Student: 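Next up is a structure, given as structure tokens.
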Amino acid sequence: MNKDHVMQDDDRRLLLMAVEMAMQGVRNGGGPFGAVIVRNGAAIAEAHNRVVLNRDPTAHAEIQAIRLASTRLGTHDLSDCMLYSSCEPCPMCLGALYWAGITRVVFACDRRDAEQAGFSDKLIYEELDRDPAARKVEFVRMTDVGGQDVFAAWEALEDKVRY
């Protein structure tokens, strides 16, 4: 058996875990999304969407899994991990996986499937392309409040941990 075939078998097994997490979320009263974070071929974090259950709009399956993996590994750097998700990550989760350093994502459904089920990210994708002044949410920038001083203080720190 060649390496690609083994990888495909592992991908299928781990993606099925993410889909099962999504189904568990539905059974538990959460949203229909599941995620698994894997390191060295082993699942280290499994989660399902808990937005309604936690009353937290950021409690997406991928975010929950990233938080759990980071806690278990004791690091914010998940660059040696992969994400398996029952659905293509939304813009928030996409940002989180980039911040975490995850370099590979395997998913089952895509954003169009999610939209057909009532979960549309279309507005967010459109808003990201707009200048902040043209967005539906009002963005007001004030530059005379010392915001740059915070970045200067950060840059002056000698023992900072970059991320």
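Residue indices begin at 1 and follow the sequence shown. Bear in mind that the values here come from a model prediction, so they are computed numbers and not experimental data.
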Student: Any side-chain heavy-atom pair from L78 and S70 closer than 4.5 angstrom?
Tutor: yes

Student: Between C81 and N40, is any pair of side-chain heavy atoms under 4.5 Å apart?
Tutor: no

Student: Looking at every heavy atom in both V106 and R104, which two are closest together, and how far apart are they?
Tutor: CG2-NH1, 3.6 Å

Student: Applying side-chain contact (heavy atoms from CB on, under 4.5 Å), run through L94 and L97 and close with a yes or a no.
Tutor: CA-CA 5 Å; L94 182 65; L97 71 91; 4.3 Å; yes

Student: So how far is it from E88 CD to C93 SG, rounded to the nearest 0.5 Å?
Tutor: 11.0 Å

Student: Just verifying a value: how many Å separate F119 CZ and C90 SG, rounded to the nearest 0.5 Å?
Tutor: 11.5 Å

Student: Would you indicate whether Y125, at its atom OH, is surrounded by more than 12 heavy atoms from other residues, nucleotides or ligands within a distance under 6.0 Å?
Tutor: yes

Student: Which atom names give the shortest non-hydrogen contact between A61 and F33, and what distance separates them?
Tutor: CB-O, 3.5 Å

Student: How about F151: does its CZ atom have over 12 heavy atoms from other parts shown lying under 6.0 Å from it?
Tutor: no

Student: Apply side-chain contact (heavy atoms from CB on, under 4.5 Å) to I44 and V38, showing your working.
Tutor: CA-CA 6 Å; I44 58 167; V38 173; over 6 Å; no

Student: Please walk me through it: do M92 and T58 pass side-chain contact (heavy atoms from CB on, under 4.5 Å)?
Tutor: CA-CA 8 Å; M92 177 183 67; T58 69; 4.0 Å; yes

Student: Do the side-chain N and O atoms of D77 and T75 include a donor-acceptor pair separated by under 3.5 angstrom?
Tutor: no

Student: Atom OG in S86, atom CG in L15: separation rounded to 0.5 Å?
Tutor: 8.0 Å

Student: A45 and A65: which non-hydrogen atoms are nearest, and at how many Å?
Tutor: CB-O, 3.5 Å

Student: Considering all heavy atoms of both residues, which atom of H76 and which atom of V161 are nearest to each other, and what is their separation?
Tutor: CE1-CG1, 3.8 Å

Student: Any Lys/Arg nitrogen of E127 or K136 sitting under 4.0 Å from an Asp/Glu carboxylate oxygen of the other?
Tutor: no

Student: Verify the neighbour count for atom CD of E138: are there more than 12 heavy atoms of other residues, nucleotides or ligands below 6.0 Å?
Tutor: no

Student: So that I can tick it off, tell me whether E20 and R27 are bridged by a salt bridge, with the cut-off set at under 4.0 angstrom between side-chain N and carboxylate O.
Tutor: yes

Student: Could you check whether any side-chain heavy atom of P91 comes within less than 4.5 Å of a side-chain heavy atom of L128, counting everything from C-beta outward?
Tutor: yes

Student: Should the pair R39-D80 be classified as a salt bridge under the 4.0 Å nitrogen-to-oxygen rule?
Tutor: yes

Student: Over all heavy atoms of both residues, which pair between E46 and A43 is shortest? Give the atoms and the distance, please.
Tutor: OE2-CB, 4.3 Å

Student: So which of V36, I37, I66 actually passes side-chain contact (heavy atoms from CB on, under 4.5 Å) with L83?
Tutor: I37

Student: M21 and G34: which non-hydrogen atoms are nearest, and at how many Å?
Tutor: CB-CA, 3.9 Å

Student: Under 3.5 Å, side chain of D113 to main-chain N/O of D110, donor-acceptor pair present?
Tutor: yes

Student: Quick one: CZ on R67 to CD on Q64, what's the gap to the nearest 0.5 Å?
Tutor: 5.5 Å

Student: Give a yes or no on whether K160 atom NZ has more than 12 heavy-atom contacts from other residues, nucleotides or ligands under 6.0 Å away.
Tutor: yes

Student: Report whether I102 and L14 are members of the same hydrophobic cluster (ILVMFWY, side-chain heavy atoms less than 4.5 Å apart, transitive linking).
Tutor: no

Student: Within 45° of the six-membered ring axis of Y84 and under 6.0 Å from that ring's centre, is NZ or CZ of R13 located there?
Tutor: no

Student: Got a second to check how far L16's CG is from M23's CE, nearest 0.5 Å?
Tutor: 11.5 Å

Student: Taking the side chain from N54 and the backbone from D56, do they hold a donor-acceptor pair closer than 3.5 Å?
Tutor: no

Student: Walk me through it: do R12 and D9 pass the test side-chain contact (heavy atoms from CB on, under 4.5 Å)?
Tutor: CA-CA 5 Å; R12 177 170 299 285; D9 287 347; 5.8 Å; no

Student: Kindly compute the distance separating NE2 (H48) from CD (Q24), expressed to the nearest 0.5 Å.
Tutor: 5.0 Å

